[in-house]
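Structure first, commentary second.
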Amino acid sequence: MRAKDNMRTAAEVLVDQLIVHGVHHVFCVPGESYLAVLDAFHDRAISVTVCRQEGGAAMMAEAVGKATGRPGICFVTRGPGATNASPGIHIARQDSTPMIVFVGQVGREMREREAFQELDYRAVFGTMAKWATEIDDPARVPEIVSRAFHTATSGRPGPVVIALPEDMLTERVALPDAPAFEPVETWPGLPEMAKLQKLLWAAERPIMLLGGSRWSEAACAAVQRFAERFALPVCTTFRRGSLFDALHPCCAGDLGIGPNPKLLARVKESDLVILVGGRLGEQPSQSYSLFDIPGPRTTLVHVHPGAEELGRVYKPHLAINASPTAFAASLEGLQPPNEIKWREGTKTAHADFLAWTEKATDQPGDVNLGAVLVWLRENLPADAIITNGAGNFAAFVHRFFRFRRFAQHIAPTSGSMGYGVPAALAMKRLYPERTVVCIAGDGDFLMNGQEYATAALYNLPIITVIADNGLYGTIRMHQERHYPGRISATQLRNPDFVAYARAFDGFGISVEKTADFPAAFKAAQESKKPAIIRLKIDPEAISPGATLGAIRAKALADKSG
Ligand SMILES: Cc1ncc(C[n+]2csc(CCOP(=O)(O)OP(=O)(O)O)c2C)c(N)n1
Ligand SMILES: [Mg+2]
C-alpha cells in the first residue's frame with residue numbers, strides 16, 4: 001500500500017518509472033522475490049498478464065517489443081524463473097527486439113553465498129543480453145530504468161536484464177521520476193544520401209532487401225513510395241515479410257529458408273544491393289553463400305541502426321548508420337534517373353513472386369497445409385495477425401501467406417520453437433479487436449501449449465492451427481538427407497489436441513480433409529474461446545517442394561552413386 005507522505009518503496013518507484021516510459025502491459029510469472037513489485041502493480045493502471053511458464057512470459061514480452069518497437073516488459077523470479085525466461089531473451093537478442101526483463105534477486109546481505117536461487121545475472125546473461133545489471137541502491141531506480149529503456153531501443157535494439165535484490169525493493173526513498181525516454185534516431189548524412197543517389201543512377205539491376213527492427217508503419221509506407229518512384233524491386237528477409245506489401249507491384253518476395261530460386265538468382269545477379277535494417281544473417285544469406293565475406297563483389301549498401309553491425313560480416317561499399325525509420329524518411333529526397341533501366345525486371349520479379357506463391361503445391365494426404373494458408377490469406381480480415389514458432393510447417397506460412405501490412409507477422413528469426421502461442425496471446429492482449437491466428441507444429445505447440453491456461457484466464461480467443469504430422473518434421477527431414485532411413489528421436493506421439501483445447505475450457509476441432517477447414521475456422525471464431533484447430537497432416541508432406549520419401553530416395557541415390 002502506498003504511504004501518504006512522498007516516500008515510495010523502490011518497487012513503487014520502479015512501477016511508476018514503467019508508467020512514465022509509456023508501458024501498458026507487463027507479462028510475468030510471480031515469485032516471492034519480488035512481492036513488493038506485485039504489490040505496487042495493485043494500485044497502478046498497468047495490465048498484468050500472469051503466465052504459466054517464464055519462457056511464455058518472456059516470449060510475450062518479446063512479441064510486444066517486435067510489434068510496437070517499444071520495450072516489452074517481463075518480470076520473473078530468481079534462478080529458475082530467470083533461466084526459464086532465457087529463450088525469450090535469446091530471441092530478443094537475435095531478432096534485435098527491445099525488451100526489459102526484471103528478475104528477482106536474493107537480499108543484498110546474503111549475496112555471493114549462493115543463497116537460495118541466487119544467480120550472477122551479469123555473468124549468466126552477459127553475452128545474451130545487451131546489458132545485464134543489478135540495482136543496489138533504491139535511489140538509482142529511475143536512472144537505471146531510464147538507461148534500460150534507452151539501451152533496449154537505441155542502436156541495434158535488444159534485451160536488457162535487471163536484477164532486483166529483494167530487500168532493496170522494500171526500502172523507502174523520496175525522489176523524482178525520470179523523464180520519459182525517447183529512442184535515439186540516427187539519421188543518414190547528406191553525403192551518404194548523395195552517394196546512394198549516384199549508385200542508383202549508375203545501377204542496371206538494383207534490388208532492395210528489408211530486414212531487422214526499428215521499422216514503423218510510416219517507414220514501410222515511405223519505402224513503398226520510394227520503390228514506386230524508382231520502380232525498384234524490394235524483397236524482405238527471413239520472417240520480416242510484413243515490412244513490404246506482398247501485393248505491391250514492386251514486391252519481389254521473401255528471401256528466407258527455401259526461397260524462390262528465381263528470386264535467389266535475381267539477388268545474385270543484381271549489381272546494387274541495398275540492405276536496410278537487417279544483418280543478412282545465416283538464413284537470408286543462404287548460409288553466408290550469397291555474397292563474398294568480407295568483401296562482396298556486388299555493390300552493397302548497408303543501412304543499419306547499429307554502427308558495430310556495419311562491416312561486422314560484410315564490408316559495404318556504402319555504410320549508412322541510420323535507423324530504418326530515419327533512413328526511410330530520408331528517401332523522399334532522392335531523385336530517380338530519367339530513364340529507369342530495370343523497370344521491366346521489377347515487373348518480372350513481382351510476377352515471379354506471384355506465380356511462386358499463388359497456388360498450394362500438391363501434397364500427399366487429405367489435408368494440404370498450403371491450401372489452408374491460401375484460404376487464410378484470402379479470407380482473414382486485412383488487419384489479422386499471424387504468429388508462429390519453428391518447424392517445417394512454417395515454410396508453408398512463408399510461401400503462401402502474403403503479408404500486407406506492418407507487424408502482421410510475428411515470428412522468431414532466431415527459429416525458436418514454442419513462440420507462436422505466447423506471441424498470439426500477447427497480440428490479442430494488445431489488440432483485442434484483431435483476429436490473431438497462430439500456426440504451429442505439433443512439436444512446436446507443446447513447447448508452450450500450457451499458455452492456453454493464460455488464454456483461458458483472460459478470455460483471449462486466439463486460434464491455433466496445429467499441423468499435426470506426428471514428427472519433429474524439420475529434424476526428420478535433415479535426418480533423411482544426411483542419414484537416410486535411420487530414424488532417431490524424431491517421432492512423436494501426440495495428445496488429443498481437441499481434448500487438450502477443451503481441457504482449458506477452449507474450443508477444439510480436428511480437420512481431416514482440406515475442404516473442412518473453412519467451416520472449422522468459422523466454428524472456432526464463433527466459439528469466441530481460445531481455439532485449437534488440429535490438422536491431420538501426412539508425415540510425407542514435409543515441405544512445399546518435396547516429400548520425405550523423395551528426400552530419402554535422393555539421399556540414398558547420392559550415397560550409392
Ligand atoms: C527451442 C527449440 N528446440 C529445438 C529446435 C530444433 N528444431 C527445429 S524444428 C524442430 C522440429 C519442429 O517440429 P514441429 O513443430 O512438429 O514442426 P514440423 O517440422 O513437424 O512441421 C526442432 C526440434 C528449435 N528450433 N527450437
Ligand atoms: Mg511436426
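One-based numbering, in listed order, for ligands and for the atoms of each. Any value given below was found using the heavy atoms of this structure, including those in side chains, with hydrogens, waters and symmetry copies removed.
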Here the gap from Ile100 atom CD1 to Phe75 atom CZ, rounded to the nearest 0.5 Å, amounts to 9.0 Å

So, taking the atom named CZ in Arg239 and the one named CG in Asn388, what distance separates them when rounded to the nearest 0.5 Å? 5.0 Å

Tell me whether the rings of Phe521 and Phe517 are parallel (<30°), tilted (30 to 60°) or perpendicular (>60°). tilted

Fit a plane to each ring of Phe125 and Tyr121, take the angle between them on a 0 to 90° scale, and name the class: parallel (under 30°), tilted (30 to 60°) or perpendicular (over 60°). parallel

Please find out if less than 6.0 Å separates the ring center of Phe445 from that of Tyr500. yes

Could you tell me whether Asp383 atom CG has more than 12 heavy atoms of other residues or ligands within 6.0 Å of it? yes

Step by step, work out the side-chain hydrogen bond (donor to acceptor under 3.5 Å, both in side chains) result for Ser213 and Thr97. CA-CA 7 Å; Ser213 60; Thr97 306; over 6 Å; no

Just to be sure I understand the cut-off, which residues have at least one non-hydrogen atom under 4.0 angstrom from an atom of ligand 1? Ala390, Gly391, Asn392, Phe393, Gly415, Met417, Gly441, Asp442, Gly443, Asp444, Met447, Asn469, Leu471, Tyr472, Gly473, Thr474, Ile475

Could you enumerate the protein N, O or S atoms under 2.8 Å from the Mg ion (ligand 2), written like residue then atom name? Asp442 OD1, Asn469 OD1, Leu471 O

First locate atom CG of Leu243, then atom CZ of Phe406, and finally report the distance between them rounded to the nearest 0.5 Å. 7.0 Å

Glu526/Lys522 under salt bridge (Lys or Arg N to Asp or Glu O under 4.0 Å): CA gap, chis, key distance, verdict: CA-CA 6 Å; Glu526 282 170 1; Lys522 199 155 170 271; 3.5 Å; yes

